[in-house]
Amino acid sequence: QVQLVESGGGLVQAGGSLRLSCAASGRTFSDYTMGWFRQAPGKEREFVAAIRWRRSSTYYADSVKGRFTISRDNAKNTVYMQMNSLKPEDTAVYYCAAGIGVAVVATIGEWDYWGQGTQVTVSS
């Protein structure tokens with residue numbers, strides 16, 4: 001079992017920045033691919049970013065590419081997402097996810113564990 005706890009959400013004006021953190025506990029963190037998804041009211045949960053443990057390969061949704069950066073600190077069992085140039089359309093609950101053997105990072109069913117989510121609200 002892996003437990004995931006997100007933090008760092010909040011209210012920010014458009015153009016501002018936030019850094020989300022996800023602390024993992026349980027099994028060996030470095031074995032897992034880690035990711036972030038988000039869900040806006042009335043919409044499906046969607047992929048945002050992911051990072052593999054091997055060579056720290058990263059993946060991003062087109063909507064956040066160039067603005068968001070995912071990183072991980074295996075010594076601290078924590079994954080981060082730096083979000084810059086935030087837009088009102090980034091408003092959502094952001095979820096941390098962990099998985100082993102994730103082949104297609106954008107597919108929700110590939111992920112094994114989920115956090116409770118943290119709210120990000122971007123005002124215009």
Donor-acceptor check, side chain of D73 to backbone of V79, threshold 3.5 angstrom: yes or no? no
Nearest heavy atoms of D112 and G99, plus distance in Å: OD2-CA, 3.3 Å
Side-chain donor/acceptor of T121 to backbone N/O of L11, under 3.5 Å: no
Shortest non-hydrogen pair, M34 vs A98, comes out as SD-CB, 3.6 Å
Closest heavy-atom contact between P88 and S124? CG-CB, 3.9 Å
Can you tell me how far CE of M83 sits from CG of D90, rounded to the nearest 0.5 angstrom? 7.5 Å
Taking the six-membered ring of Y95 as reference, does the NZ or CZ atom of R38 fall below 6.0 Å from its centre and within a 45° cone about the axis? no
Measure from the side-chain N and O atoms of R67 to the backbone N and O of Q82, and report whether any donor-acceptor pair falls under 3.5 Å. no
Taking ring pair (Phe, Tyr, Trp, His ring centres under 6.0 Å) as the definition, give me every residue that meets it alongside F37, ordered by chain and number, with sequence neighbours left out. F47, W111, W114
What distance do R52 atom CZ and Y32 atom OH have between them, rounded to the nearest 0.5 Å? 14.5 Å
What distance separates L4 CG from Y113 OH, expressed to the nearest 0.5 Å? 9.5 Å
Kindly work out whether a path of hydrophobic side-chain contacts (I/L/V/M/F/W/Y, heavy atoms less than 4.5 Å apart) joins W36 to V120. yes
Here the salt bridge (charged side-chain N to carboxylate O under 4.0 Å, His left out) pairs for residues 3-20, sequence neighbours left out, are none
Connected via hydrophobic side-chain network under 4.5 Å: F68 and V12: yes
Between T91 and V122 (side chain of the first, backbone of the second, donor and acceptor by atom type, cut-off under 3.5 Å), is there such a pair? yes
Rounded to the nearest 0.5 Å, the CG atom of N84 sits from the CG atom of L18 at a distance of 9.5 Å
Backbone N or O of A103 within a donor-acceptor pair of the E110 side chain at under 3.5 Å? yes
Using side-chain contact (heavy atoms from CB on, under 4.5 Å), reason through I51 and T33 one step at a time and then give a plain yes or no. CA-CA 6 Å; I51 183 167; T33 296; over 6 Å; no
I'd like to check I108 versus R45 (side-chain heavy atoms, cut-off strictly below 4.5 Å). Are they in contact? yes
Quick check for you: to the nearest 0.5 Å, what is the distance between Q3 atom CD and N77 atom CG? 11.5 Å
Can you check whether Y94 reaches M81 side chain to side chain, under 4.5 Å on heavy atoms? yes
Does one hydrophobic cluster hold both V102 and I70, with members joined at side-chain heavy-atom distances below 4.5 Å? no
Is any side-chain heavy atom of V93 closer than 4.5 Å to a side-chain heavy atom of T118? no
Y60-Y80 co-clustered via ILVMFWY side chain contacts under 4.5 Å: no
For Q116, is the CD atom crowded, meaning more than 12 foreign heavy atoms sit under 6.0 Å from it? no
NZ/NE/NH1/NH2 to OD/OE distance under 4.0 Å, D62 and K65: yes
Applying a strict under-4.5 Å side-chain criterion to I, L, V, M, F, W and Y, I'd like to know whether V105 and V48 cluster together. no
Salt bridge (charged side-chain N to carboxylate O under 4.0 Å, His left out) pairs, two or more places apart, involving residues 75-84: none
